Amino acid sequence: MTAFFRSLISSGSTVNRLARFALTGVGCVLLVFMAANAWVVSATRNLIIDDMARLGVHDVGVVLGTSPYTRYGNQNLLFTHRMRAAAELYAAGHVRHLLVSGANPDRTYNEPRKMYQALRGLGVPDAALTLDFAGFRTLDSIVRARRIFGLESFVVISQRYHDYRALFIAHHYGVRAVAYTRPQEDRRQPLRAEAREYLARFKAVVDLFLLSKRPRFLGPERPIDIEPVAPFDFLVRQQLMGPLFNTPLPDNQRWPPPASNEKGAADSDSRSEGLDDDTAADDSAQAP
């Protein structure tokens, strides 16, 4: 009987030790997880700009892919804001060309084509758009922009919560990048999107520093040739793309001068749940 009780005590001690070990392990994982997120955010926070006047002029803006619809078939306002941000930057002359990069795993899902159609509808000319059909993940889009399209600097166009990770990857690969996010957009995002991004930031650190992850596809180089800017070109673009803006341009900034005053239309976008380019990854890419 004494031996039986001793065995119970001994097994109980073993269970306690295992429980303490498991809790310690979980705590360490959570600590590393939080540290990775803090590192990504703190390293890139000052590179995210929501005031167009502070952005300056850049050759290329990289528009990161997302679906135009949510998983429930509704309009994805993350997509809407990205397209409007890209078109507004082009209209205001802050970027001279747009590289739209997203997933194209099969004939039924094509992010770059949808982005292209949206931007053309917003007035961006075909000559100012380049499509990258192999941007399966944020890492793929950023690295391909550098290695395939020859960009040493660019503006990332996405949402703030996503910009941290994109900029972290870009600077890891030596790209001089900043990010632009629309000031009209609510910084708060759906809980699912925020939670997923916390995991994605941790994965980005692991991919870059432990796994040395590379893009799924590279291929031959395709440098983007950008023509010199014509005088007053950005003023003409603003005039042609006026419906994008919430308020009309001052008369002294329009070219040619308007015959009569026009009223701007207010835009009341709201938040919605959507998926970034990383969620659409598959095993193959297709040409347009």
Side-chain angles (χ1 to χ4, degrees), residues 26-56 58 61-66 76-79 81-82 85-86 89 94-95 101-102 135-146 151-215 269 271-281:
V26 170
C28 290
V29 169
L30 289 176
L31 184 62
V32 172
F33 178 82
M34 294 172 63
N37 271 270
W39 183 18
V40 171
V41 172
S42 62
T44 57
R45 180 185 289 114
N46 294 331
L47 300 172
I48 301 175
I49 299 168
D50 59 8
D51 180 3
M52 198 181 293
R54 295 175 47 229
L55 188 60
H58 300 261
V62 176
V63 190
L64 298 179
T66 189
N76 177 11
L77 292 183
L78 300 181
F79 178 91
H81 278 296
R82 288 188 201 184
L89 288 181
H94 288 285
V95 296
S101 179
F136 290 99
R137 300 169 302 160
T138 301
L139 184 143
D140 295 58
S141 295
I142 298 298
V143 176
R144 284 178 56 82
R146 175 67 183 92
L151 303 179
E152 296 181 354
S153 65
F154 51 75
V155 178
V156 174
I157 301 174
S158 184
Q159 275 70 39
R160 178 178 293 271
Y161 78 100
H162 186 204
D163 288 335
Y164 296 119
R165 175 163 53 100
L167 289 171
F168 189 81
I169 295 170
H171 284 264
H172 178 79
Y173 281 94
V175 177
R176 300 186 305 275
V178 295
Y180 175 74
T181 182
R182 293 188 82 210
Q184 298 93 330
E185 185 173 8
D186 193 338
R187 292 190 182 187
R188 297 169 299 176
Q189 298 297 336
L191 180 61
R192 176 177 176 271
E194 292 279 9
R196 176 185 166 278
E197 188 59 27
Y198 269 82
L199 293 172
R201 289 177 197 149
F202 174 74
K203 185 176 184 300
V205 173
V206 173
D207 286 344
L208 294 175
F209 294 96
L210 296 181
L211 303 180
S212 299
K213 204 85 169 182
R214 300 185 181 279
D269 286 335
R271 295 182 295 120
S272 179
E273 179 182 4
L275 301 178
D276 287 316
D277 53 327
D278 305 69
T279 63

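Computation of the quantities below employed the complete heavy-atom set of this structure, encompassing side-chain atoms and omitting hydrogens, waters and symmetry-equivalent molecules. Keep in mind the model is a prediction, meaning the values are calculated, not measured.
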Practice task
Go through His162 and Leu78 one step at a time and tell me if the side chain to side chain contact (heavy atoms under 4.5 Å, CB included) criterion holds.
Solution key: CA-CA 11 Å; His162 186 204; Leu78 300 181; over 6 Å; no

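- The shortest non-hydrogen separation linking Gly135 to Ser101 is CA-OG, 3.5 Å.
- Between the side chains of His58 and Ser153, not a single donor N or O lies within less than 3.5 Å of an accepting N or O.
- Arg214 approaches Leu139 most closely through the heavy-atom pair C-CD2, 4.0 Å.
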Exercise for the section: Could you give me the CA-CA distance, side-chain angles and deciding distance for Val175 and Leu151, then say whether side chain to side chain contact (heavy atoms under 4.5 Å, CB included) is met? Expected result: CA-CA 8 Å; Val175 177; Leu151 303 179; over 6 Å; no

Exercise for the section: Could you walk me through whether Phe168 and Leu208 pass side chain to side chain contact (heavy atoms under 4.5 Å, CB included), step by step? Expected result: CA-CA 10 Å; Phe168 189 81; Leu208 294 175; 3.9 Å; yes

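- Atoms CD1 and CZ, on Ile142 and Arg165 in that order, are 9.5 Å from each other to the nearest 0.5 Å.
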Exercise for the section: Take His171 and Thr44, measure what side chain to side chain donor-acceptor pair (under 3.5 Å) needs, and give me the verdict at the end. Expected result: CA-CA 9 Å; His171 284 264; Thr44 57; over 6 Å; no

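- With salt bridges taken as basic N to acidic carboxylate O contacts below 4.0 Å, none links Asp163 and Arg160.
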Contacts table for residues 48-55: side-chain donor-acceptor under 3.5 angstrom, sequence neighbours left out:
{"residue": "Asp50", "atom": "OD2", "partner": "Arg187", "partner atom": "NH2", "Å": "3.4"}
{"residue": "Asp51", "atom": "OD1", "partner": "Ala53", "partner atom": "N", "Å": "3.2"}

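- Rounding to the nearest 0.5 Å places CZ of Arg201 at 12.5 Å from CE of Met34.
- Between the side chain of Asn37 and the backbone N or O of Tyr198 there is at least one donor-acceptor pair closer than 3.5 Å.
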Practice task
Carefully, step by step, assess His94 and Tyr180 under the rule ring-ring contact (aromatic ring centres under 6.0 Å, His included).
Solution key: CA-CA 11 Å; His94 288 285; Tyr180 175 74; 8.0 Å; no

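- Here the rule is side-chain hydrogen bond (donor to acceptor under 3.5 Å, both in side chains) with Gln159, and of His81, Arg82, Glu197 only Arg82 fits it.
- Inter-residue side-chain proximity for Val156 and Leu64 is flagged as met; some heavy-atom pair is nearer than 4.5 Å.
- Considering all non-hydrogen atoms of both residues, Ala85 and Ile157 come closest at CB-CG2, 3.9 Å.
- The pair Arg144-Asp140 does not count as a salt bridge, with every side-chain nitrogen at least 4.0 angstrom from each carboxylate oxygen.
- Counting heavy atoms from C-beta on, the side chains of Asp207 and Arg137 come closer than 4.5 Å.
- Closest non-hydrogen pair, Ala36 versus Val205, comes out as CB-CG2, 4.1 Å.
- Proximity of Ser158 to Thr181: side-chain heavy atoms (C-beta onward) are nowhere separated by under 4.5 Å.
- Ile169 is not listed as a side-chain neighbour of Tyr164, based on a closest heavy-atom distance of 4.5 Å or more.
- Aromatic pair Phe202/Trp39: centroids not less than 6.0 angstrom apart.
- Remark: Phe33 CZ is packed, more than 12 non-hydrogen atoms of other residues, nucleotides or ligands lying under 6.0 Å away.
- Between Leu167 and Ala179, the shortest heavy-atom distance links the atoms CD1-CB, 3.7 Å.
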